[in-house]
Amino acid sequence: MVSMMVAAFRRRHFINRSPVRSARWELPSPVHMSYDHMKIESKWQDVWEREKVFEVTEDDSKPKFYNVAMYPYPSGELHVGHVRNYTYIDLITRYKMMQGFNVLSPMGWDSFGLNAENHAIETGINPRVSVDEQIAKMKEQFRLLGVGFDWSRELASHDPAYYRWDQWLFLELYERGLAYKAEAAVNWCPKDQTVLANEQVVGDDVCERCGTPVEKKMLSQWQFKITDYADRLLDSIDNLHHWPDRVRTMQRNWIGRSKGATFTMQVDGKGSFDVFTTRPDTSFGMTFCVLAPEHALVESLIKGSQNETEARDYVAAARRQSEIERLAEGDKTGVFTGVYAINPVNDARVPIYIADYVLMGYGTGAIMAVPGQDQRDWEFATKYGIDIIRTVQPEEGFDGEAYLGDGATINSDFLNGLHREDAIAKIIGWFGENEIGEATTQYRLRDWLISRQRYWGCPIPMVNCESCGLVPVPKEDLPVLLPPIDDYLPKGKSPLAAVDEFVNTTCPRCEGPAQRETDTMDTFMDSSWYFLRYADPHNDEIIFDPEKAKYWMPVDQYIGGVEHAILHLLYARFITMFLHDIGLSPVEEPFERMFTQGMLIRDGAKMSKTKGNVVSPDHYYENYGADATRLFELFVGPPKDDAVWNDSGVPGTKRFLDRFWKQAAGDHRFSNRQTDGRDREMLGITHRTVRKVTEDIDRFHFNTTVPALMTLSNELQTYLGDEPVEDVYKEVIEKMVLMLSPMAPHLAHELWEAKGHATMLAHEPWPSWDEDLAREETVTMIVQVNGKVRDRIEVSADIDEAGAEEMALASEKIQGWLDGGEVMRVITRPPNLVNIVVG
RNA sequence: GCCGGAGUGGCGGAAUUGGAAGACGCGCCAGAUUCAAAAUCUGGUGAGGCAUUGCCUCGUGUGGGUUCGAGUCCCACCUCCGGCACCA
């Protein structure tokens with residue numbers, strides 16, 4: 001049956017060729033209409049595993065390439081969105097191996113976190129058990145995809161052998177004054193008596209479980225002083241030359257350094273407060289000032305004022321809102337306190353307002369409002385009927401809005417006539433002389449709050465002693481193990497607080513009774529240094545051997561979702577800088593090249609388990625194979641952009657692979673004619689394709705490599721129908737197999753072996769191209785008249801300007817279009833284009 | 001509200017530098033093969049118009065602008081996506 005079909009196929013396509021000789025490769029099975037992907041793929045997956053092809057050690061004879069995909073949360077199920085990420089990372093691993101690099105591509109698990117804890121609350125199953133099961137499932141899916149990871153370095157953040165080093169890091173930060181405890185607000189559900197993550201606050205600020213309105217509650221929590229590193233984290237962005245501009249910009253804006261001045265405002269008989277401004281040169285334009293609702297002075301200001309009730313209601317309402325909601329409100333709101341402050345520059349009495357557009361977390365939590373030069377202040381002043389004083393003169397006059405541009409200072413006494421920079425310098429000098437203020441720098445960045453009132457995380461290694469206070473757990477006592485528990489629901493505190501044998505301990509300092517910290521760490525801590533641990537994942541003496549890290553670091557290519565462009569990357573940079581400062585990390589910046597990939601969309605939304613629109617790759621592995629699945633993942637769209645999943649895409653790439661299989665492994669009849677232009681053209685296209693595929697991989701345009709190979713295959717099909725020459729055919733096939741090997745590695749390996757190679761394809765060099773062969777001898781030159789295409793002429797590729805113009809003007813079609821008009825100008829861009837401008 | 005992106009046929013997308021808009025694939029249509037279907041192969045496929053060959057006009061979210069020439073650059077806006085902790 002099968003051989004009849006093959007015979008029919010051959011008859012249809014090659015019946016007219018005069019057979020001279022044939023190329024027959026040794027194949028394990030006859031050439032079917034489609035290849036047996038199940039058999040081939042499991043065969044090569046076994047070989048790669050058995051031969052430990054992707055396990056590497058430090059090797060100074062080769063340049064290293066360290067390739068990391070952001071480690072996944074073990075949801076138990078890969079979907080085609082994940083597969084996209086790992087197809088990219090594997091393409092790079094295999095491509096770089098072929099280029100002669102010693103490539104490390106490890107994998108691990110971001111296994112602490114809210115999802116596993118929620119699962120435990122629902123099912124009562126210890127997350128330790130469910131997470132391990134899910135990891136096993138996902139590993140199998142990785143194997144079926146054929147991804148080359150060095151599994152000998154596998155790690156998981158819930159493993160005590162891993163998280164003990166989280167705790168060690170915490171203690172190092174603490175010893176250097178970079179970890180401290182301070183009051184911070186949490187979302188609090190009064191009904192469930194539970195702290196809620198932002199994600200658990202839904203809709204109109206209610207608890208996702210019970211729908212109760214969420215409140216804010218202050219708790220004493222651990223924070224890392226990332227702000228001490230703000231300048232370094234900001235300035236060092238300039239050196240991240242191989243990061244996407246959008247990520248660098250977002251990081252810069254996130255840190256948000258602004259220079260300005262802080263000065264003190266006096267309140268009538270009720271103390272004083274500091275304000276920060278980036279525009280001290282506009283101080284004479286202050287017509288009111290604003291305190292954040294949470295400002296410490298608010299209570300004493302409003303007490304007994306004529307606006308007390310209204311102000312109190314406003315503060316209470318603001319407290320109920322999340323910060324994003326406060327920002328999202330289009331209309332500025334606020335309330336007058338009934339109290340006035342004194343503008344120190346001119347002794348003017350200005351009303352003090354409370355408004356939620358001023359945040360306690362930034363600057364001093366209080367501002368001088370200058371509506372003439374600030375748009376938000378302008379809107380507020382307009383709404384509440386407050387005076388506006390212009391202090392900067394625009395050259396083009398005022399337009400009924402705040403003026404943010406430059407100009408001479410006006411209405412400002414001793415600053416009049418000065419421009420911004422000089423005025424700022426002068427007023428800051430004046431603040432100094434009068435001892436009311438000074439130049440200061442503020443950052444948008446805040447310290448990193450790491451306390452979580454949750455079970456499924458790394459315990460914070462501190463104890464509270466009744467006589468010694470906060471005492472760190474000695475490093476030799478690490479890890480502080482996360483105890484098994486029965487009830488995962490937090491009750492006012494972390495679930496760990498209910499475990500007496502965990503909580504009650506002795507003070508490491510005085511050996512008196514003490515209680516452990518019951519909060520766990522933010523999982524961003526786990527993910528801030530795992531790429532360093534991969535260099536030395538099994539070390540139980542030290543977080544990692546600096547010598548091994550020196551070999552592998554920095555990460556040469558880091559790939560992950562664009563949603564991590566700010567927080568994760570910033571924290572990872574901070575911790576790496578810290579590890580560098582204490583002499584462990586060889587580098588300050590962990591990621592040499594960063595690539596942020598887009599997400600996969602289906603049914604108009606990003607693929608996620610909660611949205612119920614995930615597509616499992618298993619069905620595609622089974623019916624079309626991992627290679628076809630991988631090829632479509634590459635083909636689906638630009639890696640940096642979101643892409644839409646199409647269910648019939650994988651069958652399409654399988655068709656291409658089947659066709660290539662037939663071209664590569666099938667029987668063809670060859671001619672022994674002299675080589676001619678047909679062969680020259682076939683080789684030209686092949687070498688141009690090698691060049692294009694290489695360049696496109698290097699610039700991360702994976703989506704265009706697949707069509708390039710498809711086009712080459714189409715050209716080969718035509719070539720095979722017109723007296724093909726065997727040597728030419730062999731070169732085309734060999735180059736194609738090599739190019740396909742990082743993309744569709746199973747089929748490529750099978751064909752490589754079938755062709756009689758004793759070597760493994762994974763160890764073969766990436767194909768090169770010959771520029772002479774790749775050069776095109778003639779090109780189609782576009783001739784335009786007034787910018788519209790009017791003719792196309794085949795010209796020699798090395799035509800010069802005069803020649804191009806001559807050819808263009810000689811065209812009959814062009815002459816027709818020039819009829820009657822005067823040639824004003826001729827633009828020539830040989831050999832591609834001539835544009836004739838006629839009047 | 002702020003920061004960062006993105007909008008191109010029925011669909012995903014292509015167009016490295018400002019120079020042929022729609023490569024390649026999916027889908028659809030027609031044909032070949034088949035008792036039939038699937039699979040496979042061949043051809044066609046932005047819209048509108050004229051047409052015997054072929055040719056013309058329009059067309060890259062909207063409105064302006066720069067340029068011999070704009071999907072690409074500039075200004076304003078609309079819609080969608082990612083992030084978020086009013087940046088004073």
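Every chain is numbered from 1 and lettered A, B, ... according to where its sequence line falls, protein lines coming before strand lines. The basis for the numbers below is simple: all heavy atoms, side chains too, and nothing from hydrogens, waters or symmetry mates.
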Assess the residue pair A:T87 and A:L634 against the criterion (side chain to side chain contact (heavy atoms under 4.5 Å, CB included)); give the C-alpha distance rounded to whole Å, side-chain angles, the decisive distance to 0.1 Å, and a yes or no. CA-CA 7 Å; A:T87 300; A:L634 294 173; 3.8 Å; yes
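When ring centroids are compared, A:F276 and A:F263 stay outside the 6.0 Å threshold.
One can place CD of A:Q663 at 10 Å from P of B:C41, the figure rounded to the nearest angstrom. As rounded to whole Å, 18 Å separates atom P of B:A88 from atom CE of A:M265. Separating the CZ atom of A:F224 from the P atom of B:A85 is a distance of 19 Å, rounded to the nearest angstrom. Distance CZ (A:F660) to C1' (B:C24): 17 Å, rounded to an integer number of Å. Between A:E794 atom CD and B:A20 atom C1' there is a gap of 13 Å when expressed in whole angstrom units. Protein atom CD of A:Q375 is 10 Å distant from nucleotide atom P of B:C2, rounded to whole Å. For the pair A:L600 CG and B:C81 C1', the computed distance is 14 Å after rounding to whole Å. Rounded to whole angstrom, the span from the CG atom of A:D647 across to the C1' atom of B:G25 amounts to 15 Å.
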List the protein contact pattern of nucleotides 64-78 of chain B with one symbol per nucleotide (5' to 3'): B for base contact, S for sugar-phosphate-only contact, - for none; contact means a heavy-atom distance under 4.0 Å. ----B----------
At under 4.0 Å between heavy atoms, which parts of nucleotides 53-58 of chain B does protein reach? Answer with one letter per nucleotide, 5' to 3': B base, S sugar-phosphate only, - none. --SSSS
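Within 6.0 Å of CE on A:M218 lie more than 12 heavy atoms contributed by other residues, nucleotides or ligands.
Here B:G82 is the nucleotide among B:A88, B:G82, B:U42 with the atom lying nearest to any side-chain atom of A:E563. Comparing B:A88, B:G4, B:U40 by their closest approach to the side chain of A:F276 singles out B:A88.
Take A:H37 and apply the ring pair (Phe, Tyr, Trp, His ring centres under 6.0 Å) test, not counting sequence neighbours, and it matches no residue. The ring pair (Phe, Tyr, Trp, His ring centres under 6.0 Å) check on A:F632 picks up A:W645, with sequence neighbours excluded. Take A:D627 and apply the salt bridge (charged side-chain N to carboxylate O under 4.0 Å, His left out) test, not counting sequence neighbours, and it matches no residue. Remark: A:Y88 engages A:F702 in a ring pair (Phe, Tyr, Trp, His ring centres under 6.0 Å) (not counting sequence neighbours). Judged as a ring pair (Phe, Tyr, Trp, His ring centres under 6.0 Å), and not counting sequence neighbours, A:Y443 has no contacts.
When heavy atoms are screened at a 4.0 angstrom cut-off, A:G652 is found touching the sugar-phosphate backbone but no base atom. Nucleic acid contact class of A:D377 (heavy atoms, under 4.0 Å, all strands): none. Using a 4.0 Å heavy-atom distance criterion, A:P638 is classed as a sugar-phosphate-only contact. Heavy atoms of A:I836 sit nowhere under 4.0 angstrom from any nucleic acid atom. Counting non-hydrogen atoms under 4.0 angstrom, A:W254 reaches a base of the nucleic acid. At the heavy-atom level, A:R257 lies nowhere under 4.0 Å from the strands shown. Residue A:T653 is out of contact with every strand shown, counting any heavy-atom pair closer than 4.0 Å.
Of the side-chain N and O atoms in A:R655, none sit less than 4.0 angstrom from OP1 or OP2 of B:C24. Dashed line: the shortest gap from a side-chain N or O of A:N253 to OP1 or OP2 of B:C2 is not under 4.0 Å. Within the 4.0 Å cut-off from OP1 or OP2 of B:G13, not a single side-chain nitrogen or oxygen of A:T704 is found.
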Can you pull every protein N or O that's under 3.5 Å from an N or O on nucleotides 47-49 of chain B?
none

Pairwise N/O distances under 3.5 Å, protein to nucleotides 7-12 of chain B:
residue : atom : partner : partner atom : Å
B:G12   : O2'  : A:V636  : O            : 2.5

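Side chains of A:D791 and A:S811: a donor-acceptor N/O pair is present below 3.5 angstrom, by distance only. Using modelled atom types and a 3.5 Å distance limit, the side chains of A:T333 and A:Y314 yield a donor-acceptor pair. A:N835 and A:R825 are not linked by any side-chain donor-acceptor pair at a separation below 3.5 angstrom, with hydrogens and angles left out of the test. Looking only at atom types and distance, the side chain of A:Y620 has a donor-acceptor partner in the side chain of A:D647 under 3.5 Å away. Between A:W817 and A:Q815, the side chains place no donor N or O within less than 3.5 Å of an acceptor N or O (distance only, hydrogens not considered). Checking A:R573 against A:Q251 by side-chain atom types alone, a donor-acceptor pair falls below 3.5 Å.
The aromatic rings of A:F524 and A:H568 lie parallel to each other, with less than 30° between the two planes, well short of the 60° mark. A:Y357 and A:F380 have tilted rings, their planes meeting at an angle from 30° to 60° on a 0 to 90° scale.
Stem regions annotated for RNA chain B: B:1-7 with B:78-84, B:10-12 with B:24-26, B:27-32 with B:40-45, B:46-50 with B:54-58, B:61-65 with B:73-77, counting only runs of 3 or more consecutive pairs of Watson-Crick or G-U type with both contacts under 3.5 Å.
Two residues, A:V706 and A:M250, neighbour RNA chain B, and the one matched to the more 5' nucleotide by heavy-atom proximity is A:M250. Nucleotides of RNA chain B nearest to A:M599 and A:I255 differ in position, and the one nearer the 5' end is that of A:M599.
Classified by its glycosidic torsion, B:G9 falls in the syn category, the angle being within 90° of 0.
The gap from the P atom of B:A70 to that of B:U57 amounts to 15 Å, rounded to the nearest Å. Nucleotides B:C41 and B:U8, compared at atom P, are 31 Å apart to the nearest Å. A gap of 40 Å separates the P atoms of B:C29 and B:G83, to the nearest Å. Look at the P atom in both B:C28 and B:A20: the space between them is 32 Å, to the nearest Å. Comparing the P positions of B:C81 and B:G65 gives a spacing of 32 Å, expressed to the nearest Å. Taking atom C1' in both B:U45 and B:C11, one finds a spacing of 14 Å when rounded to whole Å. Look at the C1' atom in both B:A14 and B:A21: the space between them is 10 Å, to the nearest Å. For the C1' atom pair drawn from B:G22 and B:G44, the interatomic distance equals 16 Å after rounding to whole Å.
Of the possible donor and acceptor atoms, one in the side chain of A:S451 sits under 3.5 Å from a partner among the backbone N and O of A:W222.
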Identify each donor-acceptor pair in which a side-chain atom of residues 648-657 of chain A lies under 3.5 Å from a protein atom, sequence neighbours left out, and give them as a table.
residue : atom : partner : partner atom : Å
A:S648  : OG   : A:N646  : OD1          : 3.1
A:T653  : OG1  : A:A628  : O            : 2.8
A:T653  : OG1  : A:V650  : O            : 3.0
A:K654  : NZ   : A:D658  : OD1          : 3.1
A:K654  : NZ   : A:D658  : OD2          : 3.2

N/O donor-acceptor pairs under 3.5 Å from side chains in residues 254-262 of chain A, not counting sequence neighbours:
residue : atom : partner : partner atom : Å
A:R257  : NH1  : A:D231  : OD1          : 2.4
A:R257  : NH2  : A:D235  : OD1          : 2.9
A:S258  : OG   : A:Y362  : OH           : 2.9
A:T262  : OG1  : A:T440  : OG1          : 2.8

